[in-house]
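A quick write-up on the structure given underneath.
Values below: every heavy atom of this structure, side chains too, minus hydrogens, waters and symmetry copies. Counting convention: from 1, in listed order, for ligands and their atoms alike. Numbers for residues simply follow the sequence, beginning at 1.
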Amino acid sequence: SCSVDIIMIRHGESEWNLKNLFCGWYDADLSENGIQEAKRAGEALKKMGFKFDIAYTSVLKRAQNTLLNILSVQGQTDLPIVKSWRLNERHYGALTGLDKIATVEEYGEEQVAIWRRSYDVPPPPMDENHKYYQAIIKNPALIENGPTPDEFPKTESLKLTIDRTLPFWNEVVIPKLKAKTRILIVAHGNSLRGIVKHLEKISDEDITTYNLPTGIPFKYSLDPNMKPTAPLEYLGDPEVVKAAIEKVANQTKKK
Ligand SMILES: Cc1ccc(S(=O)(=O)Nc2cc3c(c(O)c2O)C(=O)c2ccccc2C3=O)cc1
């Protein structure tokens, strides 16, 4: 056939998702539930007979461990893995580590409402004496596969996140897809939103209310011009998919 498929998945629940904290570039690990989500995704991919030639993920362990759990169940534990900071979650700047109450207390409902719905408004930057600044800049994973000092963000808007993710998609992933490479991408809500926005030509306004469920693999079939032949397709047990979509929709409503 003249189309090529690509499978992508948002990592499962992390320890900081559990506490409803802005995580961003803090390297929180998966929660027990997040590990189970990853294994279920591996089961689904195995059952559907998917085989991969390469996997791409971020430099954050919640995405990497989602990938490793998927591969341990799906059976390809020797798959080549490429890590890039360009697939990292959005950097939430000074909000890193805050929960909803602390965020509203510190910045007020009005500002939170603006951030929620804006595409190009970054949170305040994380400065050198922020509680998590050292943990982030001293993270060996971020030093090894990280941005250059001048690319290293102190905060990111959704636009800034997408603008640093798409070069990876266009320069690393697309050439492999044109060579019919079978690819799995395991990344984060906002970096994956950038790829989905680009593929489905979603507007800046609409992407801010578009949320991907966690731990559910999704597929695109791309034509020779690397355009999707259909909208994103979620893979796996329909009941599991439905529940995951409702969960992420409620989070948005709850917010
Ligand atoms: C940790 C946390 C804080 C606030 C909420 S919320 O119920 O107010 N909903 C909410 C809030 C935000 C966001 C959001 O999507 C949301 O549903 C954001 O995307 C966001 C992006 C950059 C800076 C700040 C925000 C933001 O405050 C949920 C979770």
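Interface atoms of ligand 1 facing Tyr92, defined by a heavy-atom separation under 4.0 Å, are 21 (C), 22 (C). Counting atoms of ligand 1 from 1 in the listed order, those under 4.0 Å from a heavy atom of Leu95 are 23 (C), 24 (C). Each of the atoms 8 (O), 27 (O) of ligand 1 lies under 4.0 Å from some heavy atom of Val112. Close contacts between ligand 1 and Arg90 involve ligand atoms 21 (C), 22 (C) [criterion: under 4.0 Å to a heavy atom].
A ring-ring contact (aromatic ring centres under 6.0 Å, His included) check over residues 49-71, counting only residues at least two apart or in different chains, returns the pairs Tyr56-Phe168.
If you check the side chains of Tyr220 and Glu200, you find a donor sitting under 3.5 Å from an acceptor. No hydrogens or angles considered: a donor-acceptor pair under 3.5 Å links the side chains of Asn17 and Ser14. In this structure, a donor-acceptor pair under 3.5 Å is present between the side chains of Asn139 and Asp27.
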Output a table of donor-acceptor pairs, distance under 3.5 Å, between side-chain atoms of residues 121-131 and any protein atom two or more places apart or on a different chain; print 'none' if there are none.
from: Asp127; atom 1: OD1; to: Asn129; atom 2: N; distance (Å): 3.3
from: Asp127; atom 1: OD1; to: His130; atom 2: N; distance (Å): 3.3
from: His130; atom 1: ND1; to: Tyr132; atom 2: N; distance (Å): 3.0
from: His130; atom 1: NE2; to: Ala94; atom 2: O; distance (Å): 3.2
from: His130; atom 1: NE2; to: Thr96; atom 2: O; distance (Å): 3.4

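When non-hydrogen atoms are compared, ligand 1 lies under 4.0 Å from the backbone of Asn20 as well as from its side chain.
For ligand 1, the polar-atom distance check finds no N/O of Trp115 at less than 3.5 Å from any of the ligand's N/O atoms.
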